[in-house]
Structures are given as C-alpha cells and as structure tokens.
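Report on the structure given below.
When a residue number appears, it is its place in the shown sequence, counting from 1. Side chains included, hydrogens not; waters and symmetry mates left out as well; all remaining heavy atoms used.
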Amino acid sequence: MRCPSTGRRGGILAKLLLLLAVVAAAAALAWMLFLPLVLTTQLRQRTGFDATVRSLAVNPFTGTVEVRGLVLANPPTFPIRDFLEVREFFADVELLSLWSERPVFTSVRLDVASVTLVKRENSQTNAEAFQHNLTLAADAQPRPPSSRPPRGFLIRRLTVRIDRLVIADHSTRLPTSREYRVGLNQNYTDVTELKQLFAPDALLGLAPVGAALHGLVPGDLGRALNEAVKETSKTGAGWLKDLGRKAGQKAKEYIDALEESRKP
C-alpha cells in the first residue's frame with residue numbers, strides 16, 4: 001500500500017518539473033524575441049545606420065549563431081537608403097577556442113542578397129561611414145591596454161554567396177548607378193586571412209566587378225580585394241599573352257604544313 005505522503009511528494013515533484021519546463025520555455029522565447037531587438041538597437045546607436053532582422057538565434061551551449069533577414073539601411077545623409085540585405089548568416093564556433101589566441105569556426109555561411117555601395121557628395125561611401133562609426137563606438141568602450149598582437153582566426157569551412165551589387169556615385173554633378181549580377185557562390189576551406197577569399201578562380205570571372213569596387217571597400221577587406229584585383233589583372237594579362245603566343249605558334253605550324261604539302 002502506497003504511503004499518502006509519498007504520493008503527495010510525487011505530485012509536488014511533478015508540478016515543480018512542469019513549472020520549471022514552463023519557465024524554461026518562456027525564458028527561451030523571451031531570449032529569441034529579445035535578441036533581435038538588442039542587435040538592431042545596438043547597430044543603430046553605434047553606427048547611425050537603421051537595421052531590421054527577421055530572426056536571430058544564439059545557442060551559448062553549442063556555440064552557434066544564426067541570423068536571418070538582416071537589412072541595413074543608410075542614414076538620411078545618403079541619397080539612397082539601400083545598403084545591405086543578408087538572407088542568412090550562420091557560424092558554428094568551437095567554444096573553448098574563444099579563450100585562445102585564435103578562435104576556430106567549424107563552419108560559416110554568408111548569403112547576401114544585395115549590396116548597394118553609395119558615394120555621397122563628399123566622396124565618402126556608406127561602407128566607409130559604417131566602418132568609421134563602428135570603429136569610433138568600439139574605441140569609446142573602456143578596456144585595459146594590451147600589447148598583444150591582433151587575434152587570428154580559423155574557419156574550417158566557409159561558404160560565401162553574393163547575388164547582386166549596386167554602385168551609385170552621387171559625388172558628381174551627374175549621379176550614376178550601375179547594377180552587377182555577381183552570382184558569386186564560393187566554398188573555402190581552412191581560411192585564416194581575408195585575401196584567401198579573393199583567390200584567382202573566384203575573381204577571374206568577376207573582373208568587371210572587382211575593377212568597379214576599387215577604392216570603395218574600406219579596411220582590411222578593401223586592401224585584400226584591391227591587391228587581389230591587381231594580381232588577377234596581371235594573371236589575366238599573362239594568360240592572354242600566353243594564349244596569343246600559342247595561337248601564333250599554331251598558325252605558323254599550320255602555314256608551314258601547307259607550304260610543305262604544296263611542294264612537289
């Protein structure tokens with residue numbers, strides 16, 4: 001025969017577990033609803049650029065971050081509002097590596113629907129303004145001085161997709177705007193520096209876009225892109241010269257063969 005006190009204790013335990021489950025579910029829901037607001041508010045306050053996001057999920061136990069539907073818009077000081085539309089950003093980081101000299105990402109995916117680079121009357125682009133404001137906000141945060149070199153990184157698997165690029169120049173009397181269907185869809189392994197993103201096989205088919213971007217992308221990314229475009233131009237020119245030499249040699253061999261066949 002079961003003791004009444006045992007039954008009561010079992011009922012209390014079941015209710016407590018149910019309550020904890022409800023609280024955990026509510027906390028998870030609040031976490032998911034609160035994070036996008038935090039992200040967009042921080043972006044607006046630190047950069048002056050408007051931001052919206054459809055969903056943001058961060059799992060501190062597995063080290064994954066997933067952002068969907070992120071849209072950045074230029075401030076009113078730019079003649080065009082469009083800046084960046086990201087369909088998806090996903091990162092899976094090895095948690096223990098965050099406390100090391102080099103964070104390690106198992107995989108990263110970046111799917112960009114469109115990028116619009118706008119140059120306003122003072123010749124500053126929206127990308128430059130965004131980075132400048134973000135750097136100022138970061139420098140304003142108190143932190144202890146450090147003599148350590150910048151931390152490196154390792155991305156074991158990286159996928160980058162960019163569909164469309166628009167370049168709008170409003171720094172002249174007659175504004176111009178050009179749209180490029182980029183169609184970039186590249187996979188990389190063991191990425192440790194930005195210049196690996198601009199390998200020759202990724203840039204040879206994007207030569208017009210690379211040339212158009214010259215000087216418009218700020219920071220380390222811009223420097224890596226500019227260097228890659230220069231190297232790709234040299235490679236492409238050398239390839240064409242080599243092709244010309246081969247074609248010339250083939251033509252000479254063909255003419256010599258004709259002359260030999262005409263001899264009695």
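Considering only residues two or more places apart in sequence or on other chains, T189 meets the side chain to side chain contact (heavy atoms under 4.5 Å, CB included) condition with none of them. Shown here are the side-chain hydrogen bond (donor to acceptor under 3.5 Å, both in side chains) partners of T77, two or more places apart in sequence or in another chain: R120. Under the rule for a side-chain hydrogen bond (donor to acceptor under 3.5 Å, both in side chains), S97 has no partner lying at least two apart in sequence or in another chain. Judged as a side chain to side chain contact (heavy atoms under 4.5 Å, CB included), and not counting sequence neighbours, the contacts of R178 are Y180. With sequence neighbours excluded, no residue forms a salt bridge (charged side-chain N to carboxylate O under 4.0 Å, His left out) with R157. Applying the side-chain hydrogen bond (donor to acceptor under 3.5 Å, both in side chains) test to D163 and every residue at least two apart in sequence or in another chain returns R87, R161. With sequence neighbours left out, the ring-ring contact (aromatic ring centres under 6.0 Å, His included) criterion links F49 to F83, F130. With sequence neighbours excluded, no residue forms a side chain to side chain contact (heavy atoms under 4.5 Å, CB included) with R173. With sequence neighbours excluded, the residues forming a side chain to side chain contact (heavy atoms under 4.5 Å, CB included) with V67 are V53, L56, V65, L70, F89, listed by chain and number. When the side-chain hydrogen bond (donor to acceptor under 3.5 Å, both in side chains) test is applied to S100, no partner is found at least two apart in sequence or on another chain.
No continuous path of ILVMFWY side-chain contacts below 4.5 Å connects L39 to V71, so the two sit in separate hydrophobic clusters. Hydrophobic clustering of Ile, Leu, Val, Met, Phe, Trp and Tyr side chains at less than 4.5 Å, counting indirect connections, keeps L95 apart from L154. Hydrophobic clustering of Ile, Leu, Val, Met, Phe, Trp and Tyr side chains at less than 4.5 Å, counting indirect connections, unites L194 with V108. Taking hydrophobic clusters as Ile, Leu, Val, Met, Phe, Trp and Tyr residues chained together by side-chain heavy-atom distances below 4.5 Å, W99 shares a cluster with V93. L184 is connected to V112 through a chain of hydrophobic side-chain contacts under 4.5 Å among Ile, Leu, Val, Met, Phe, Trp and Tyr, so both are in one cluster.
In this structure, R44 contributes its side chain and A51 its backbone to a donor-acceptor pair below 3.5 Å.
Residue Q42 qualifies as enclosed at atom CD: its count of foreign heavy atoms under 6.0 Å is above 12.
The minimum heavy-atom distance linking P75 with G48 is given by the pair CB-O, 3.5 Å. Heavy-atom minimum distance, V182 versus R164: CG2-C, 4.2 Å.
Distance check: T64 OG1 to N59 CG gives 4.5 Å after rounding to the nearest 0.5 Å. One finds the OG1 atom of T125 at 10.5 Å from the CG atom of D169 (value rounded to the nearest 0.5 Å). With rounding to the nearest 0.5 angstrom, the OG1 atom of T40 is 10.5 Å from the CG atom of L72. Taken from CG in N74 to CG in L84, the straight-line distance is 10.0 Å, to the nearest 0.5 Å. Atom CG of L197 is separated from atom CD of Q186 by 9.5 Å, given to the nearest 0.5 angstrom. Distance NZ/K119 to CD/Q124: 11.0 Å, rounded to 0.5 Å.
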D111 and F90: side-chain contact (heavy atoms from CB on, under 4.5 Å), yes or no, with the steps?
CA-CA 9 Å; D111 186 353; F90 173 84; over 6 Å; no
Stepwise side-chain hydrogen bond (donor to acceptor under 3.5 Å, both in side chains) test for Q45 and T41:
CA-CA 6 Å; Q45 291 178 352; T41 301; 5.8 Å; no
After noting the C-alpha distance and the side-chain angles of N126 and V118, does the key distance pass the side-chain contact (heavy atoms from CB on, under 4.5 Å) rule?
CA-CA 6 Å; N126 52 350; V118 185; 4.0 Å; yes
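Applying the salt bridge (charged side-chain N to carboxylate O under 4.0 Å, His left out) rule to pairs touching residues 52-76 yields E66-R68, R68-E88, sequence neighbours excluded. Contacts classified as ring-ring contact (aromatic ring centres under 6.0 Å, His included) and involving residues 105-128 (residues at least two apart or in different chains) are not found.
Residues D82 and V166 form no side-chain contact, since every pair of their non-hydrogen atoms from C-beta on lies 4.5 Å or further apart. Between H170 and I80 there is a side-chain heavy-atom pair separated by less than 4.5 Å.
In summary, the side chains of T159 and N187 do present a donor paired with an acceptor at a separation below 3.5 Å, with no hydrogens or angles considered.
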